[in-house]
Trainee: 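So that we are looking at the same thing, I have put the structure below in structure tokens.
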Amino acid sequence: MASYNLRSQVRLIAITIVIIITLSTPITTNTSPQPWNILSHNEFAGKLTSSSSSVESAATDFGHVTKIFPSAVLIPSSVEDITDLIKLSFDSQLSFPLAARGHGHSHRGQASAKDGVVVNMRSMVNRDRGIKVSRTCLYVDVDAAWLWIEVLNKTLELGLTPVSWTDYLYLTVGGTLSNGGISGQTFRYGPQITNVLEMDVITGKGEIATCSKDMNSDLFFAVLGGLGQFGIITRARIKLEVAPKRAKWLRFLYIDFSEFTRDQERVISKTDGVDFLEGSIMVDHGPPDNWRSTYYPPSDHLRIASMVKRHRVIYCLEVVKYYDETSQYTVNEEMEELSDSLNHVRGFMYEKDVTYMDFLNRVRTGELNLKSKGQWDVPHPWLNLFVPKTQISKFDDGVFKGIILRNNITSGPVLVYPMNRNK
């Protein structure tokens with residue numbers, strides 16, 4: 001195999017691990033009597049509700065691990081409704097907690113407000129406005145309550161696209177920007193928060209501030225990835241580029257973890273290489289496909305399962321190269337060259353060619369399948385860990401080959417992928 005010298009600025013500073021397991025009974029935190037009276041304020045008539053259905057819905061989230069009950073839910077029709085409520089809390093002798101909730105995709109009540117008010121951000125979505133694309137300046141202004149899938153659909157109409165995504169697109173813009181927004185594009189384009197040019201934010205005093213790297217920069221950098229603790233994002237200006245048409249999607253199987261991670265690092269070190277890279281582990285639990293995607297040809301399921309059973313745990317390297325009509329004649333050659341340079345198990349390379357949209361929205365099919373079986377709204381705690389490069393081999397021995405195998409944990413995906421320090 002060819003040898004490579006990695007540039008000094010490229011390092012695996014983190015491995016993102018996502019583990020889903022099943023719990024039984026969610027932890028419940030019941031509300032106490034409301035210590036303040038805001039329901040009687042005329043300016044919130046019809047917008048602030050304490051109905052049992054609204055409060056119950058706001059008490060749960062995607063994780064279904066906790067139930068944290070607010071006293072009320074705000075259903076705003078404008079940004080001003082939110083600023084008025086925050087000012088009321090700020091000026092009150094008995095201030096109350098508030099939390100902005102987008103699509104409720106937190107995992108342990110992070111978008112909840114015990115005995116406070118949950119703000120339903122999605123109620124502000126207006127189909128006639130909220131997403132404005134600048135084709136000349138290559139950015140999109142988005143109201144933060146919109147979902148990323150909606151942003152993608154709108155920008156693709158003009159042949160443009162944001163460059164950094166999460167694996168699942170049915171999340172609000174404000175939600176992922178409050179957390180980070182990482183996935184297999186992060187090594188090349190950085191997380192979603194590094195692709196934001198400007199934001200409008202509601203501060204803790206109920207003031208609306210526009211911020212960027214050059215204007216109110218302290219607020220800008222505090223809010224991005226700030227878990228909603230420094231303000232509520234109401235608008236974001238996101239960088240765009242010309243959208244590719246298709247995605248060449250390859251998976252390679254490994255039995256040796258050191259070769260797997262070494263190849264991952266080598267691939268992300270190339271400046272003109274792939275556009276997406278993730279990895280995952282496979283343990284002995286039946287068919288190689290999981291709920292996230294149906295990828296492997298059924299004719300190879302038995303062969304893959306046999307290798308997993310023999311080694312107990314194997315590793316999958318997943319890469320994607322985007323292309324269009326200008327690069328369609330060279331993409332196959334590039335991916336063949338990549339395949340020849342990798343130390344995967346020969347005979348265990350798989351390839352798909354799909355549209356750009358179908359690749360980005362790949363998790364949706366699995367979601368709809370689970371929903372049809374009543375298996376989506378169940379407890380699924382989700383853990384992201386950043387592991388230093390120097391410790392990842394020990395992590396494999398202690399967690400993948402240790403905890404997971406020893407406790408026979410066979411459900412839920414485990415994702416492992418590298419990032420570049422300079423992104």
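Numbering of residues begins at 1 and proceeds along the displayed sequence.
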Trainee: Name the orientation class of the two ring planes belonging to Phe257 and Phe260 (parallel below 30°, tilted from 30 to 60°, perpendicular beyond 60°).
Mentor: tilted
Trainee: Looking at Tyr168, is Arg364 sitting on its ring face, NZ or CZ under 6.0 Å from the six-membered ring centre and within 45 degrees of the normal?
Mentor: no
Trainee: Using modelled atom types and a 3.5 Å cut-off, is there a donor and acceptor pairing between side-chain atoms of Trp376 and backbone atoms of Lys373?
Mentor: no
Trainee: Indicate yes or no: at least one non-hydrogen side-chain atom of Val196 is less than 4.5 angstrom from one of Leu224.
Mentor: yes
Trainee: Between His105 and Phe62, what is the ring plane arrangement, given parallel below 30°, perpendicular above 60°, and tilted in between?
Mentor: parallel
Trainee: When you measure from the side chain of Arg362 to the backbone N and O of Phe359, does any donor-acceptor pair fall under 3.5 Å?
Mentor: yes
Trainee: Going by an N to O cut-off under 4.0 Å, is there a salt bridge joining Glu207 and Lys87?
Mentor: no
Trainee: Any luck finding a side-chain donor-acceptor pair between Asp200 and Thr210 under 3.5 Å?
Mentor: yes
Trainee: Does the distance from a Lys or Arg side-chain N to an Asp or Glu carboxylate O, for Arg237 and Asp141, drop under 4.0 Å?
Mentor: yes
Trainee: Once you round to the nearest 0.5 Å, how far does CD1 of Ile182 lie from OG1 of Thr166?
Mentor: 10.0 Å
Trainee: Is a donor on one side and an acceptor on the other found under 3.5 Å between the side chain of Ser372 and the backbone of Asn369?
Mentor: yes
Trainee: Does Ser164 use its side chain to pair, donor to acceptor, with the backbone of Tyr189 at less than 3.5 Å?
Mentor: no
Trainee: Tell me if a side-chain donor or acceptor on Asp61 pairs with a main-chain N or O of Gly63 at a distance below 3.5 Å.
Mentor: yes
Trainee: Does any part of the side chain of Ile314, heavy atoms only, come nearer than 4.5 Å to the side chain of Met307, both counted from C-beta?
Mentor: yes
Trainee: What pairs meet the salt bridge (Lys or Arg N to Asp or Glu O under 4.0 Å) rule with one or both residues in residues 397-420, with sequence neighbours excluded?
Mentor: Asp396-Lys401
Trainee: Can you establish whether the number of heavy atoms outside Lys205 located under 6.0 Å from its atom NZ is more than 12?
Mentor: no
Trainee: Salt bridge (charged side-chain N to carboxylate O under 4.0 Å, His left out) for Asp358 and Arg246? Distances and angles first, verdict last.
Mentor: CA-CA 9 Å; Asp358 285 346; Arg246 300 192 64 82; over 6 Å; no
Trainee: Indicate yes or no: at least one non-hydrogen side-chain atom of Val117 is less than 4.5 angstrom from one of Pro70.
Mentor: no
Trainee: Would Trp249 and Phe276 satisfy ring-ring contact (aromatic ring centres under 6.0 Å, His included), going step by step from the backbone distance to the final call?
Mentor: CA-CA 9 Å; Trp249 184 7; Phe276 173 98; 8.1 Å; no
Trainee: Identify the heavy atoms of Thr172 and Ala145 that sit nearest to each other, and give their distance.
Mentor: CG2-O, 3.5 Å
Trainee: Whether the Tyr323 and Asp353 side chains hold a donor-acceptor pair (N or O, under 3.5 Å, no angle test) is what I'd like checked.
Mentor: yes
Trainee: Show your working on side-chain contact (heavy atoms from CB on, under 4.5 Å) between Val133 and Leu160 and close with a plain yes or no.
Mentor: CA-CA 9 Å; Val133 179; Leu160 300 172; 3.9 Å; yes
Trainee: Are the side chain of Tyr295 and the backbone N or O of Tyr350 linked by a donor-acceptor pair below 3.5 Å?
Mentor: yes
Trainee: Can Leu156 and Met357 be said to form a side-chain contact (heavy atoms from CB on, under 4.5 Å), step by step?
Mentor: CA-CA 9 Å; Leu156 283 181; Met357 166 62 90; 4.0 Å; yes
Trainee: Between Lys213 and Glu198, does any side-chain N to carboxylate O distance fall below 4.0 Å?
Mentor: no
Trainee: May I ask you to test the Leu197-Ser212 pair for a side-chain heavy-atom distance under 4.5 Å?
Mentor: no
Trainee: Please report the C-alpha distance between Tyr315 and Asp256 in whole Å, then the side-chain angles of each, then the deciding distance to 0.1 Å, and finally whether the side-chain hydrogen bond (donor to acceptor under 3.5 Å, both in side chains) criterion is met.
Mentor: CA-CA 8 Å; Tyr315 311 93; Asp256 185 281; over 6 Å; no
Trainee: Determine whether a donor-acceptor pair (N or O, by modelled atom type, separation under 3.5 Å) exists between the side chain of Asp300 and the backbone of Tyr296.
Mentor: no
Trainee: How about Tyr356 and Thr161: does a side-chain donor come under 3.5 Å of a side-chain acceptor?
Mentor: yes
Trainee: State the OG1-CD distance between Thr261 and Glu259, to the nearest 0.5 angstrom.
Mentor: 9.5 Å
Trainee: Quick one about Asn384 and Trp382 (side-chain donor to acceptor, distance below 3.5 Å, no hydrogens or angles considered), yes or no?
Mentor: yes
Trainee: Minimum heavy-atom separation for Leu177 and Ala236, please, with both atom names.
Mentor: CD1-CB, 3.6 Å
Trainee: Will you find, in the side chains of Ser54 and Ser51, an N or O donor that is under 3.5 Å from an N or O acceptor?
Mentor: yes
Trainee: Got a donor-acceptor contact below 3.5 angstrom from the Arg122 side chain to the Gly102 backbone?
Mentor: no
Trainee: Taking Ile403's backbone N and O only, do any of them form a donor-acceptor pair with Asn407's side chain (distance below 3.5 Å, no angle check)?
Mentor: yes
Trainee: Any chance you could lay out the side-chain hydrogen bond (donor to acceptor under 3.5 Å, both in side chains) test for Gln192 and Thr176, step after step, and finish with the verdict?
Mentor: CA-CA 8 Å; Gln192 289 181 320; Thr176 66; 2.8 Å; yes
Trainee: Is any side-chain heavy atom of Trp165 closer than 4.5 Å to a side-chain heavy atom of Leu152?
Mentor: yes
Trainee: Apply side-chain hydrogen bond (donor to acceptor under 3.5 Å, both in side chains) to Glu150 and Tyr170, showing your working.
Mentor: CA-CA 8 Å; Glu150 296 166 334; Tyr170 291 75; over 6 Å; no
Trainee: If you measure from the Lys or Arg side-chain nitrogens to the Asp or Glu carboxylate oxygens, is any gap between Glu241 and Arg135 under 4.0 Å?
Mentor: no
Trainee: Taking atom CD1 of Ile86 and atom CG of Asp81, what is their separation to the nearest 0.5 Å?
Mentor: 11.5 Å
Trainee: So Leu98 and Ser89, do their side chains get closer than 4.5 Å, heavy atoms only?
Mentor: yes
Trainee: Determine, stepwise, if the pair Phe400 / Phe395 fulfils ring-ring contact (aromatic ring centres under 6.0 Å, His included).
Mentor: CA-CA 7 Å; Phe400 300 154; Phe395 198 91; 5.6 Å; yes
Trainee: Parallel, tilted or perpendicular: which fits the ring planes of Phe252 and His344, with parallel below 30° and perpendicular above 60°?
Mentor: tilted
Trainee: Would you call Val399 and Val414 a side-chain contact if the rule is heavy atoms closer than 4.5 Å?
Mentor: no
Trainee: Does some side-chain heavy atom of Val125 sit less than 4.5 Å from a side-chain heavy atom of Trp146?
Mentor: yes
Trainee: Can you check whether Leu342's main-chain N or O pairs, donor with acceptor, with Asp263's side chain at less than 3.5 Å?
Mentor: no
Trainee: The test is side-chain contact (heavy atoms from CB on, under 4.5 Å); show your working for Ile193 and Asn195 and say whether it passes.
Mentor: CA-CA 5 Å; Ile193 58 175; Asn195 291 276; over 6 Å; no
Trainee: When you look at Leu317 and Gln264, which way does the side-chain contact (heavy atoms from CB on, under 4.5 Å) test go after all the steps?
Mentor: CA-CA 7 Å; Leu317 172 60; Gln264 280 190 324; 3.6 Å; yes
Trainee: Distance from Glu367 atom CD to Leu169 atom CG, nearest 0.5 Å?
Mentor: 10.5 Å
Trainee: Among pairs that include at least one residue of residues 304-320, which meet salt bridge (Lys or Arg N to Asp or Glu O under 4.0 Å), considering only residues two or more places apart or in two chains?
Mentor: Arg251-Glu318, Asp284-Lys309
Trainee: Drop me the distance from Ile149's CD1 to Leu147's CG, to the nearest 0.5 angstrom.
Mentor: 8.5 Å
Trainee: Could you give the distance from CG (Leu277) to OG (Ser183), rounded to the nearest 0.5 Å?
Mentor: 10.5 Å
